[in-house]
Amino acid sequence: MKKINLGDFNRLKVVRKVDFGLYLDGYDEGDILLPTRYVPDHAKLGDELDVFVYLDQEERLVATTERPVAKVGQFGYMRVVWVNRYGAFLDWGLMKDLFCPFAEQKKKMEIDSRHIVHVHIDEESYRIVASAKVERYLSTEHATYAHNDAVDLLVWQRTDMGYKVIIDNTFQGLVYDNQIFRPIRIGEQLRGYVDQVRPDGKIDVMLQPSGRQQTLDFADALTDYLIAHDGQCPYGDKTDPETIKQVFGVSKKTFKRAVSDLYRRRIITIGEEGIKMV
């Protein structure tokens, strides 16, 4: 018998239609309501729908086609919408807010403050809850990434050296200030590249691939820029590095390498007024 994955997406069959929505086959959990506001157009009996299953205000299983900021087992950046004497409630993109008990807060949460939290099921109450004690849920295993491996990042904390990030929803990493060529912010999700996994297991992360791959990636981005700007770019060898960094989010060195690469491939010409697409 299949089981419902609480706090996750499930593919469930429509078994009944009522005035206030559709009932879906919840296996041994019984039928689960998908309220009318979430019912896709033309859904009918026998259809299988991809729905997120969580608990409503009465602690009953309910389905939705909305997507939460994070599902069970994931980290997310969420805003506090109200607080009571038991804890804080976070907006995670669904009708019912996500509860974060005081015991799971690193500092007292206040309305409109934002926090990186981990979403999980409380073993005692079977409720979906959040914890701001992020370190507890990060893997302590030694990662097996190789240099330049692409990874998904969630920006977590600012430090004196750069930004702590959560890598692939599993590991902690650090992006050093000298690897940052554009503004980033806490809670931002972005693509990164592993620089190295240190012997102690700590992971250094880059926001751009290094070496030849970095040049090729930015050469593609510069080509897209040219196409979007009628084949012309006013920036060139004499442009100061800070302007290159602000416009393209890369170092002057990477910019010059990409320009040289495009020139060798006869995609651009280089002149006093910048570069032009052939």
Within-4.5 Å side-chain heavy-atom neighbours: [X] and [Y]:
X: Arg127; Y: Ile121; result: no
X: Met206; Y: Asn148; result: yes
X: Ile275; Y: Tyr235; result: no

Exercise for review: Could you tell me which residues satisfy side chain to side chain donor-acceptor pair (under 3.5 Å) with Thr223, sequence neighbours excluded, listed by chain and number?
Suggested key: none
Is the shortest side-chain N to carboxylate O distance from [X] to [Y] below 4.0 Å?
X: Asp152; Y: Arg191; value: yes
X: Arg60; Y: Glu29; value: no
X: Arg11; Y: Glu48; value: yes

Check your understanding: Just how far is it from atom CE of Met277 to atom OH of Tyr225, taken to the nearest 0.5 Å?
Key -> 12.0 Å
Review point. So how far is it from Leu33 CG to Leu61 CG, rounded to the nearest 0.5 Å?
Key: 11.0 Å
Check your understanding: How far apart are the C-alpha atoms of Met95 and Arg37, what are their side-chain angles, what is the distance that settles it, and do they pass the side chain to side chain contact (heavy atoms under 4.5 Å, CB included) test?
Key -> CA-CA 11 Å; Met95 178 67 71; Arg37 69 175 67 190; 2.5 Å; yes
Review point. For Asp19, does the CG atom sit with more than 12 other heavy atoms under 6.0 Å from it, leaving out its own atoms?
Key: no
Check your understanding: With sequence neighbours left out, what residues match Arg67 under side-chain contact (heavy atoms from CB on, under 4.5 Å)?
Key -> Phe9
Practice item. Give the ring-plane orientation class for Trp92 versus Phe52, where under 30° counts as parallel, over 60° as perpendicular and anything between as tilted. Key: perpendicular
**Study point:** Sequence neighbours excluded, every pair satisfying ring-ring contact (aromatic ring centres under 6.0 Å, His included) that has a member inside residues 251-278
**Key:** Phe248-Phe255
